[in-house]
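See below for the structure under consideration.
Numbering of ligands and ligand atoms starts at 1, following listing order.
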Amino acid sequence: MAFQRDRAVKPILDWSVYRDAGMGDAYADIPKNGGDFARAVAVCINSRQCEKKGKGVMCPSFRVSDDPSLSTGGRVRLLKQALNGELSLADRALAEAMDLCLACKGCKRECENEVDMAMIKIEYLAQSHATTRPSLRTRLLASIPTLLTRYPRLKSLIALRNRSPLVSGIGSRLFGIASHIDLPEPADIPFDRFSTDEHQTAEPAGEVALLLDTFSNRFAPGHVDAAKHVLQQAGYRVFVVQAEAGDASLCCGRTQLAHGLVNDAKANARRMIAALLPHVEAGRTIIGLEPACLLAVRDDYRFLGLGEDAERVAGSALLFEEFVARESMAGRLKVDFQPHVSEVPVLIHGHCHQKAVGAMKAMRRVLKLIPGLKFEIIDATCCGMAGSFGIEKEHAAIGRAMAEEGLLPALRASPAADIIANGFSCRHQIGACEQREAKHLAVFLSEQLP
Ligand code: SF4
Ligand code: SF4
């Protein structure tokens, strides 16, 4: 087993960005094993800031458990022991601590030394898979984008599972999926099967490339349409980046990365980069709707050792809200939104990865473009869905408890409010816990077009 006392740890991800971390610092306490990965772990200065419960995201598992070993720093302490050969990878306390990390990236932004536990968890899982075959559920959840492309009938199976206690019970026993939570159902026709290139602006102010992620494509094609419409109305020619006709849909590989299946993620990342690169070369900004997917391309690909093309793509990639905010500040948006008439403030729930890159500022700026709009950004930690975490049988209750830390009380306090949530899993959690529908910002903006 990897991380064993007698065995050197060879990192699977590219941690070279941490090469100089802790250099010359006698107190850095860098573990003996693990090279640059060990340096990434050792950037923690043990301040225990992650064991506080102020505003912000960090650290959802500590917030609901009060257990220091389930904080970011607690995980670091256990990992250091493992990298020093004092614990095995399979140690129960370490395995539980890593299992309950949601990879929300709250620590990446809020810890004073920017410990990136979300990436560290991917390395940890990849090391585990190197010696122990991943579970059926892990393989299933990681491959959802591929499965949806290959087996369109999966849609009917998901619908049946959501309506039949017998089928959801079987799913729970076989795959460990919580039977009481409905799964998101794919749309009848994904965006890449009906999209056309109509209604392009005659004299565009610029050209942009819209990254078609699996979740928007398969589950919310209307969001892609809405984003395209807003961007076109704002004066841009929009290229939707999708696979060639007859090829499998593009996928950024985020679901595989989240489950530690690094080689599978790399294969998808290479396809995605190859599809995006011509647009970057044509000077187009790459725009993403789903925070986890766009930010995988922009930030996580750097750990996959994919070379300069990946860097170039990352350098041109922006979230939808970041692009609209940037263009409005530069005075290039050619659209005036209609006034919003409701007195009830719209509630905004940020995806943790949006918060981790400071994109809530852009959300605020964009919403201010709508005259008369009243809105409130909910102060909440992770919603607890975090990809597939909240539907996993053993995690569903703790995921729900995280949602109760801030998100759900805020929603209940304003039952008539519209809700904006750009994250697919956040919208899923809001629907599952409160039976309310949240919209992507692009949809909300499209409703405010003249
Ligand atoms: S993870 Fe960050 S906040 Fe927590 S103890 Fe380490 S340095 Fe402090
Ligand atoms: S990624 Fe999120 S859950 Fe994991 S240690 Fe950091 S703040 Fe905690």
Worksheet item: Does the pair R39/D20 count as a salt bridge with the N-to-O cut at 4.0 Å?
Response: no

Worksheet item: Can you tell me which residue and heavy atom of the protein come closest to atom 7 (S) of ligand 1, and the distance to 0.1 Å?
Response: I45 N, 3.3 Å

Worksheet item: Under a 4.0 Å N-O cut-off, is there an ion pair linking E114 with K105?
Response: no

Response to the item:
One finds that the ligand 1 atoms under 4.0 Å from a non-hydrogen atom of N46 are 5 (S), 6 (Fe)

Item to complete: Output yes when a side-chain donor or acceptor of N84 lies under 3.5 Å from a complementary backbone atom of K80, and no otherwise.
Response: yes

Practice prompt. Consider ligand 1: state whether an atom of it lies below 4.0 angstrom from any non-hydrogen atom of V76.
Written response: no

Worksheet item: Which residue owns the protein heavy atom closest to atom 2 (Fe) of ligand 1, what's the atom, and how far is it?
Response: C111 SG, 2.3 Å

Worksheet item: Are the side chains of L70 and R75 in touch, meaning some heavy atoms are under 4.5 Å apart?
Response: yes

Practice prompt. Quick one: closest heavy-atom pair of I30 and A21, and the distance?
Written response: CD1-O, 3.8 Å

Item to complete: Go through ligand 1 atom by atom and flag the ones less than 4.0 Å from a non-hydrogen atom of E112.
Response: 3 (S), 8 (Fe)

Item to complete: Please find out if atom 4 (Fe) of ligand 1 and some N, O or S atom of C59 are separated by less than 2.8 Å.
Response: no

Worksheet item: Looking at atom 6 (Fe) of ligand 1, what's its closest protein heavy atom, distance included?
Response: C44 SG, 2.3 Å

Worksheet entry | Metal check, atom 2 (Fe) of ligand 2 vs C104 N/O/S, cut-off below 2.8 Å | yes

Worksheet item: Quick check: does C107 put an N/O/S atom under 2.8 Å from atom 6 (Fe) of ligand 2?
Response: yes

Worksheet item: Which bit of K105 is near ligand 2, meaning a heavy atom under 4.0 Å away: side chain, backbone, both or neither?
Response: backbone

Fill in: Nearest heavy atoms of A317 and L294, plus distance in Å
CB-CD2, 3.9 Å

Worksheet, complete the sentence: Within 4.0 Å of some non-hydrogen atom of T72, the atoms of ligand 1 are 1 (S)

Discussion item. For atom 5 (S) of ligand 1, what's the nearest protein heavy-atom neighbour? Residue, atom name and distance, please.
Written reply: R48 N, 3.1 Å

Response to the item:
Taking only non-hydrogen atoms of M117 and a 4.0 Å limit, the atoms of ligand 2 in range are 5 (S), 6 (Fe)

Worksheet item: Is R163 atom CZ crowded by more than 12 heavy atoms from other residues, nucleotides or ligands, each under 6.0 Å away?
Response: yes

Worksheet item: Considering only heavy atoms, does S71 approach ligand 2 within less than 4.0 Å through its side chain, its backbone, both, or neither?
Response: neither

Item to complete: Start with the C-alpha gap between R137 and E394, add the side-chain angles, then the distance that decides, and say whether salt bridge (Lys or Arg N to Asp or Glu O under 4.0 Å) holds.
Response: CA-CA 12 Å; R137 183 179 72 187; E394 72 282 19; 2.7 Å; yes

Worksheet item: To which protein heavy atom is atom 4 (Fe) of ligand 2 closest, and what is the distance rounded to 0.1 Å?
Response: C101 SG, 2.4 Å

Worksheet item: Does a salt bridge link R254 with E290, judged by any charged N lying under 4.0 Å from a carboxylate O?
Response: no

Worksheet item: After noting the C-alpha distance and the side-chain angles of Y124 and H129, does the key distance pass the ring pair (Phe, Tyr, Trp, His ring centres under 6.0 Å) rule?
Response: CA-CA 9 Å; Y124 172 84; H129 299 334; 9.2 Å; no

Worksheet item: Are K393 and F175 side-chain neighbours, meaning at least one heavy-atom pair lies under 4.5 Å?
Response: no

Discussion item. Out of all atoms in ligand 2, which are within 4.0 Å of some heavy atom of L102? Include the element for each.
Written reply: 3 (S), 4 (Fe)

Fill in: Which of the ligand 1 atoms, numbered from 1, are nearer than 4.0 Å to a heavy atom of C50
1 (S), 3 (S), 4 (Fe), 5 (S)

Discussion item. What protein heavy atom lies closest to atom 8 (Fe) of ligand 1? Include the residue and the distance to one decimal.
Written reply: S47 OG, 2.3 Å

